[in-house]
Amino acid sequence: MTRTYTPKAGEAQREWLVIDATDVVLGRLASHAAALLRGKHKPTFAPHMDMGDFVIIINADKVALTGQKLQKKKAYRHSGYPGGLTSVTYEELLAKNPERAVEKAVRGMLPKNSLGAQQLTKLKVYRGAEHPHGAQQPKTFTLDQVAQ
């Protein structure tokens, strides 16, 4: 009788991956990053464990949105107080804080529980081409299909 392999908590082999977001559609970028953060590309994937890699996204200010999403799509935040809902268009959000736009897209594609919050801590997003994680010797991850 063969047994199903279940990975142990200490067996996670984590890599550091760099994704260049220049001219990549935001949703495509977020879905690839979420799969890497969860570890779905590994043969030892377990949905109840954090087996994913660290993901560094650079050039977040150069990410692309298709159609008229730049002017019409809105990003919402709530302060927690009554009447505390604020909205901003993605055009303003990408101009002011592009890191938040990418993090928001990736967060929406991760599990909505404590495991998803733990996986989100392994995401590092930077506005420009520089990042402070050179000591981890990150590998470049190229996306097959980029913007139109």
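Just so we're clear, the structure is a prediction, and the values are computed from it rather than from any experiment.
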Kindly say whether [Y] contributes a backbone atom to a donor-acceptor pair with the side chain of [X] at under 3.5 angstrom?
X	Y	result
K40	L37	no
R14	G52	yes
K73	Q71	no

Do the side chains of [X] and [Y] join up, straight or via other hydrophobic residues, at under 4.5 Å, putting them in one cluster?
X	Y	answer
I56	V24	no
V106	M51	no
M109	L120	no
L115	V55	no
L110	L29	yes

How long is the gap from [atom1] on [X] to [atom2] on [Y], to the nearest 0.5 Å?
X	Y	atom1	atom2	answer
L70	L65	CG	CG	6.0 Å
K122	Q118	NZ	CD	6.5 Å
L143	D23	CG	CG	12.0 Å

In this structure, which one of K74, K69, K104 forms a side-chain contact (heavy atoms from CB on, under 4.5 Å) with Y90?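 Only one option passes, and that is K104.
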
Quick one: are [X] and [Y] in side-chain contact, heavy atoms under 4.5 Å?
X	Y	answer
P7	F45	no
Q119	P111	yes
L17	F54	no
S87	R77	no
W16	H131	no
I57	L123	yes
E99	R127	yes
L85	Y76	yes

What orientation do F141 and H32 show, parallel under 30°, tilted 30 to 60°, or perpendicular over 60°?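 Tilted: the ring planes of F141 and H32 meet at 30° to 60°.
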
I'd like to know if K62 and D20 make a salt bridge, using a cut-off of under 4.0 Å between side-chain N and carboxylate O.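 No, no charged N to carboxylate O under 4.0 Å.
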
Do NZ/NE/NH1/NH2 and the carboxylate oxygens of D53 and K42 come within less than 4.0 Å?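 Yes.
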
Take atom [atom1] in [X]; do more than 12 heavy atoms of anything else shown fall under 6.0 Å from it?
X	atom1	result
K96	NZ	no
Y5	OH	yes
E11	CD	yes

Evaluate the side-chain contact (heavy atoms from CB on, under 4.5 Å) criterion for residues L36 and I19: first the C-alpha distance (whole Å), next the side-chain angles of each, then the deciding distance (0.1 Å), finally the verdict. CA-CA 11 Å; L36 292 171; I19 300 176; 4.0 Å; yes

Could you walk me through whether K72 and T89 pass side-chain contact (heavy atoms from CB on, under 4.5 Å), step by step? CA-CA 7 Å; K72 293 193 175 181; T89 63; over 6 Å; no

I58/E130 under side-chain contact (heavy atoms from CB on, under 4.5 Å): CA gap, chis, key distance, verdict: CA-CA 7 Å; I58 57 173; E130 300 296 320; over 6 Å; no

Heavy-atom pair of closest approach, residues L94 and A60: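 What the structure gives for the nearest pair is CD2-O, 4.4 Å.
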
